[in-house]
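One structure is given here, and the rest of the page talks about it.
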Amino acid sequence: MEDEEIFDILDGIASEETIIRHQNLLLSDEAYRSLFQEYAETHALLVAMPVEKTAVNFTDKLMDKWELAQVEVLERKTSKLPFYFLIGAGIVLVLSLMVVFSLSSPSTMKVNLNPVLNILQNKFFINGLLTINTLVLLKFIDKKFLKPYFEKRFHIGSL
């Protein structure tokens, strides 16, 4: 007789044919009788043990957490390549203009810088540059110092 059939007998769900074979083996086979006695004692101990009941969706939640743990999270880092490209293009443009102007008039060029100096001395221009620089500095301070500090503090508080 197989173990599954013995367990079915102990659980009370065995077929009549299995029960008849079981009773015949109990009467005729000493080894089977001792094996069945061990199984019966183990079954009684298991039935007497308190069993904690899990939530209905425990397995689903556990599988979801396991699947999330298996998924690799790819962090996309921003590329600085476009920024470098723009700087390089600006330098090439300025150098090209300098070469074109120097080839077109080999004589000494006179450049009037008064309009440029007037713009640089304008209060609105200076205030605008100061405002932009202040905002950039605040963004840097926030990213490098404040955000890590508060994230660390939040994680410690939630533990």
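If you read the sequence from its start, that first residue is 1, and numbering goes on from there.
The distance from atom CZ of Phe83 to atom NZ of Lys80, rounded to the nearest 0.5 Å, is 9.0 Å. Between atom CG of residue Asn24 and atom CZ of residue Arg21 there is a gap of 10.0 Å, rounded to the nearest 0.5 Å. The CZ atom of Phe125 lies 10.0 Å from the CG atom of Leu130; values are rounded to the nearest 0.5 Å. For the atom pair CD (Glu2) and CZ (Phe7), the distance works out to 11.5 Å, reported to the nearest 0.5 Å. Atom CG of Asn122 sits about 8.0 Å away from atom CD1 of Ile119, to the nearest 0.5 Å. One finds the CG atom of Asn127 at 8.0 Å from the CZ atom of Phe124 (value rounded to the nearest 0.5 Å).
The number of heavy atoms from other shown groups lying within 6.0 Å of CD (Glu41) is above 12. The number of heavy-atom neighbours closer than 6.0 Å to CD of Glu16, taken from other residues, nucleotides and ligands shown, is 12 or below.
Ring planes of Phe145 and Phe140: perpendicular class, angle over 60° (limits at 30 and 60°).
Although no hydrogens or angles enter the test, the distance criterion places no donor-acceptor pair under 3.5 Å between the side chain of Asp11 and the main chain of Ile13.
A heavy-atom distance below 4.5 Å is not found between the side chains of Phe36 and Leu25. Here the side chains of His22 and Glu5 are not in contact, with every heavy-atom distance at 4.5 Å or above. Contact check for Thr18 versus Ile9: side-chain heavy atoms found under the 4.5 Å cut-off. Two residues are said to be in side-chain contact when any heavy atoms from C-beta on lie closer than 4.5 Å; Ile6 and Leu35 meet this criterion.
Heavy-atom minimum distance, Lys143 versus Pro148: O-CD, 3.4 Å.
Linking ILVMFWY residues whenever their side-chain heavy atoms come closer than 4.5 Å, directly or via other members, places Leu146 and Tyr149 in the same cluster. Hydrophobic clustering of Ile, Leu, Val, Met, Phe, Trp and Tyr side chains at less than 4.5 Å, counting indirect connections, keeps Leu137 apart from Ile126. A chain of hydrophobic side-chain contacts below 4.5 Å, direct or via other Ile, Leu, Val, Met, Phe, Trp or Tyr residues, connects Leu26 to Leu10. The same ILVMFWY cluster, assembled from side-chain heavy atoms under 4.5 Å apart, contains both Leu95 and Ile87. Linking Ile, Leu, Val, Met, Phe, Trp and Tyr whenever their side-chain heavy atoms come within less than 4.5 Å puts Tyr84 and Ile91 in one cluster.
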